[in-house]
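Throughout, protein chains are lettered first and strands after them, A, B, ... in sequence-line order, and every chain is numbered starting at 1. For clarity, every value in this text was computed on a predicted model and none was experimentally measured.
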Amino acid sequence: MSLLSVEKLSLSIHGTPILDRVSLAVGEGEVLGIIGESGSGKSMTALSILDLLPRGARRTGRIVLEDRELTALSERRMCQVRGQSIGMVFQEPMTALNPVRTIGDQVAETVLVHTDRSRRAALAIAREALDRVGLHADRFPLTRYPHELSGGQRQRVVIAMAVALRPRLLICDEPTTALDVTTQAQIIALLRGLVAEDGMGMIFITHDLGVITGLADRLAIMRAGEVVEAGATREVFTRMRHPYTRKLREASAHVPQRKARAIGATLLETRDLIREYRLPRRTFLEAPQVFRAVDRVSLTVRKGENVGLVGESGCGKSTLSRAVLGLEAAQGGTIALEGARIEAGHAMPRALRRRMQIVFQDPYGSFNPRHRVARLVTEPFHLLEERPDRRERAQRVAEALTAVGLHESDAEKYIHEFSGGQRQRIAIARALITRPELIILDEAVSALDVSIRAQILDLLADLSDRFGVSYLFISHDLGVVRAITDRVYVMKSGRIVEEGETEAVFDHPRHDYTRELVAATPRLDRVLAEMGVG
Amino acid sequence: MRAFRSPSLIGGGALSTLFLLAAAISYVWTPYDVTQHAIAIRLQPPSAAHWLGTDQLGRDILSMLMMGARISIAVALVAVGLGMAAGVPLGLAAAARRGGWLDEIIMRANDIILAFPALLTAVMITAVFGPGAVNAIIAIGIFFTPVFARLARGAALSLWTLDFTLAARVAGKSRLRISLEHILPNIANLLVVQGTISFALGILAEAGLAYLGFGAQPPTPSWGRMLAEAQTLTAIAPHVAIFPGLAIVVTVLGLNLMGDGLRDLLDPRLRRSRT
């Protein structure tokens with residue numbers, strides 16, 4: 001008898017079908033992984049179970065939790081189920097907590113809402129819950145506020161809220177996607193421990209096969225509102241009956257084909273680059289503090305080379321890229337592009353800037369929504385001494401769009417008509433149009449689904465072969481960096497702690513931090529090998 | 001033409017045109033002469049001879065409204081235009097130099113203007129330059145400047161955090177150019193909405209100034225002064241207050257509708273869904 005069973009759950013919102021006869025089951029002490037790409041309906045499945053659906057939603061099918069038919073419950077009864085029988089953890093720990101209330105209050109609130117315990121008893125339960133998630137009383141008293149905690153610690157508070165009443169079922173919707181890899185590994189270990197301790201069931205929703213495979217007992221793979229394959233984790237990977245499962249697995253471990261290229265002379269070189277920020281004064285008379293985001297960084301990118309820069313959020317990767325692009329002046333050191341040196345504090349001349357371009361992470365914020373693609377893509381023409389005339393312009397737009405796998409006619413469309421992956425292609429077209437020698441890819445594939453990510457990586461590898469362009473590939477994702485770079489720099493707290501050939505660094509990390517990163521990165525092939533699946 | 005498919009644009013445009021037309025016609029013709037007093041027929045309710053009735057001096061209210069439209073609409077429109085023309089560039093400049101000395105100077109100057117009650121500013125200006133419609137426009141315009149500057153700065157700041165402004169800088173564009181090319185079109189919808197709200201406030205501000213004797217001078221009628229003068233008569237002859245009030249409400253409504261329609265029309269993301 002399973003703890004939760006979902007039978008033939010179908011959902012439509014304002015007549016648009018979202019879920020189609022989804023059936024799932026979770027047993028006590030069991031972890032069910034739901035995997036799918038954006039829009040596959042995995043989050044909507046979770047919200048259907050909790051009956052937290054948007055207006056205009058119509059739900060059919062059966063959802064049974066411990067002999068209770070949830071679909072038949074009134075909203076009032078459902079409120080008791082949420083938080084008490086089912087706990088939920090969301091993706092974004094930064095917004096899941098109320099910033100003006102202490103963590104103790106927020107955890108205790110769950111208890112006060114669902115039981116008639118006193119405030120004192122509720123706070124005692126909150127204390128216990130916070131201890132269980134590893135936030136101990138000596139360092140994390142109940143009176144702490146969310147802003148005093150890091151992202152991983154906040155996610156622990158959210159988990160404490162979800163498990164405070166020891167629910168029978170815990171639903172986690174991408175709980176580690178917004179976190180760094182080392183934090184992710186800790187949170188997953190925590191969740192696994194809680195499931196074992198309480199014997200509760202857990203539904204873990206993710207897009208990342210690597211994360212879920214080592215954790216889940218059973219898997220359900222979703223696509224376009226349907227469960228296309230389900231079963232015990234090991235079985236799913238041995239059988240791989242559905243072509244989509246195969247595709248997903250291949251995409252997760254995708255390594256683009258790259259031709260062996262002659263690496264040329266040094267293209268970009270930074271020497272002891274320093275980038276400092278002045279922090280706001282804490283008191284009126286005190287001198288403002290200085291924060292050094294980039295600390296004496298020396299790195300080189302040679303012609304035709306793909307160089308990776310890895311590190312966790314806040315380590316200074318993006319600050320470094322902005323200094324290299326001449327968007328922000330450095331406070332020390334030099335930047336040189338093929339021998340042309342720029343001393344710290346000097347503006348970057350246009351002729352140099354022209355030779356570098358950038359692709360950003362967010363495919364939604366990277367474009368002015370009011371311009372057509374042709375205008376967006378030709379923005380860097382501003383850097384040219386001679387602006388191309390109308391005909392040449394149109395021709396180069398068409399070339400750039402076809403080079404990234406889009407159609408010429410897309411030039412007349414607006415950006416909102418494209419999907420995330422297509423937008424990232426347009427961003428690459430924009431970076432390519434002035435034929436730069438170096439493109440900085442700042443987490444350029446991090447926001448994309450695995451199958452789209454594989455396509456974009458292929459595209460990048462192909463473009464670097466065809467145009468001989470060098471990449472500085474900035475990412476927190478070691479798997480991606482490994483797939484596409486020749487050499488890698490590992491950055492921590494503004495400094496480069498290790499550098500070398502990508503394979504060598506990842507296979508034989510020398511610095512402790514690199515070792516920690518490599519160990520924390522979930523790797524599907526390794527997990528599967530441990531399970532005995534080839 | 002896409003414009004003809006937007007009901008709010010058509011409705012708003014029609015209402016606004018109606019009042020502009022009334023103001024225009026008043027230059028050549030009004031039903032009665034508004035400078036002629038006829039105490040014998042004062043405070044008459046609407047009738048066939050006087051469609052909207054007469055006021056406390058026996059003047060025809062319809063004619064007064066037509067004449068008043070000239071002053072009220074002109075004062076409010078020009079004042080809003082003035083406030084926008086001064087405030088938006090200041091706000092954009094402050095946002096482009098966020099945290100710098102230019103930002104500080106502009107925003108603190110704004111605070112100073114906002115710290116003075118609007119009326120006090122107006123009184124000071126009219127004390128120096130003398131009362132009259134033009135000085136009322138300047139006074140109201142000065143009062144609107146920080147409103148638009150703050151709005152433009154706030155909206156622009158959130159856009160400056162988006163990557164497309166960074167992409168434009170990578171393309172070598174200056175902050176001025178990015179402000180004009182990328183920021184301004186994206187905050188235009190907010191400015192249009194604020195503009196229509198400010199227009200309503202402008203009419204009311206003109207009314208307030210006129211009431212105190214700092215606006216248009218008698219015998220030039222304005223909606224605000226008509227409303228102010230009718231204040232004590234609402235119990236015995238409500239129509240004297242209702243019609244100028246209604247004129248203000250309907251004009252503001254018309255402009256608001258037109259603003260909404262324009263906003264949707266100018267946004268490429270809404271175009272397809274609206275057809």
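Nearest heavy-atom pair, Ala171(B) versus Leu383(A), reported as atom, atom and distance to 0.1 Å: O-CG, 3.2 Å. Looking at every heavy atom in both residues, Phe164(B) comes nearest to Phe367(A) through CD2-O, 3.2 Å. For the pair Glu379(A) and Ala168(B), the tightest heavy-atom approach, listed with the atom from each and the gap, is OE2-CB, 3.5 Å.
For Tyr277(A), the OH atom sits in a packed shell: over 12 heavy atoms of surrounding residues, nucleotides or ligands are nearer than 6.0 Å. Atom CZ of Arg278(A) has 12 or fewer heavy atoms from other residues, nucleotides or ligands within 6.0 Å. Atom CZ of Arg390(A) has 12 or fewer heavy atoms from other residues, nucleotides or ligands within 6.0 Å. By the neighbour-count criterion of 12 heavy atoms within 6.0 Å, atom CD of Glu408(A) is sparsely surrounded, having that number or fewer from other residues, nucleotides or ligands.
Residues of residues 427-439 of chain A having a heavy atom under 4.5 Å from any heavy atom of chain B, listed by number: Arg430(A). At a heavy-atom cut-off of under 4.5 Å, chain B is reached by Arg350(A), Arg353(A), Met356(A), Gln357(A), Ile358(A), Phe360(A), Gln361(A), Asp362(A) from residues 349-363 of chain A, listed in order of number.
Contacts of Ile183(B) with chain A are absent, with no heavy-atom separation under 4.5 Å from either backbone or side chain.
Ranked by heavy-atom pairs shorter than 4.5 Å toward chain B, the options Leu384(A), Asn368(A), Leu325(A), Ile415(A) are led by Asn368(A).
The side-chain heavy atoms of Pro369(A) and Asn186(B), taken from C-beta on, include a pair separated by under 4.5 Å.
No side-chain donor-acceptor contact under 3.5 Å links His182(B) and Arg370(A).
With respect to Arg375(A) and Glu181(B), a salt bridge is recorded, a charged nitrogen being found less than 4.0 Å from a carboxylate O.
In this structure, OG in Ser321(A) is found 8.0 Å from CG in Leu166(B), a value given to the nearest 0.5 Å. From Asp163(B), atom CG reaches atom CG of Asp442(A) across 8.0 Å, with rounding to the nearest 0.5 Å.
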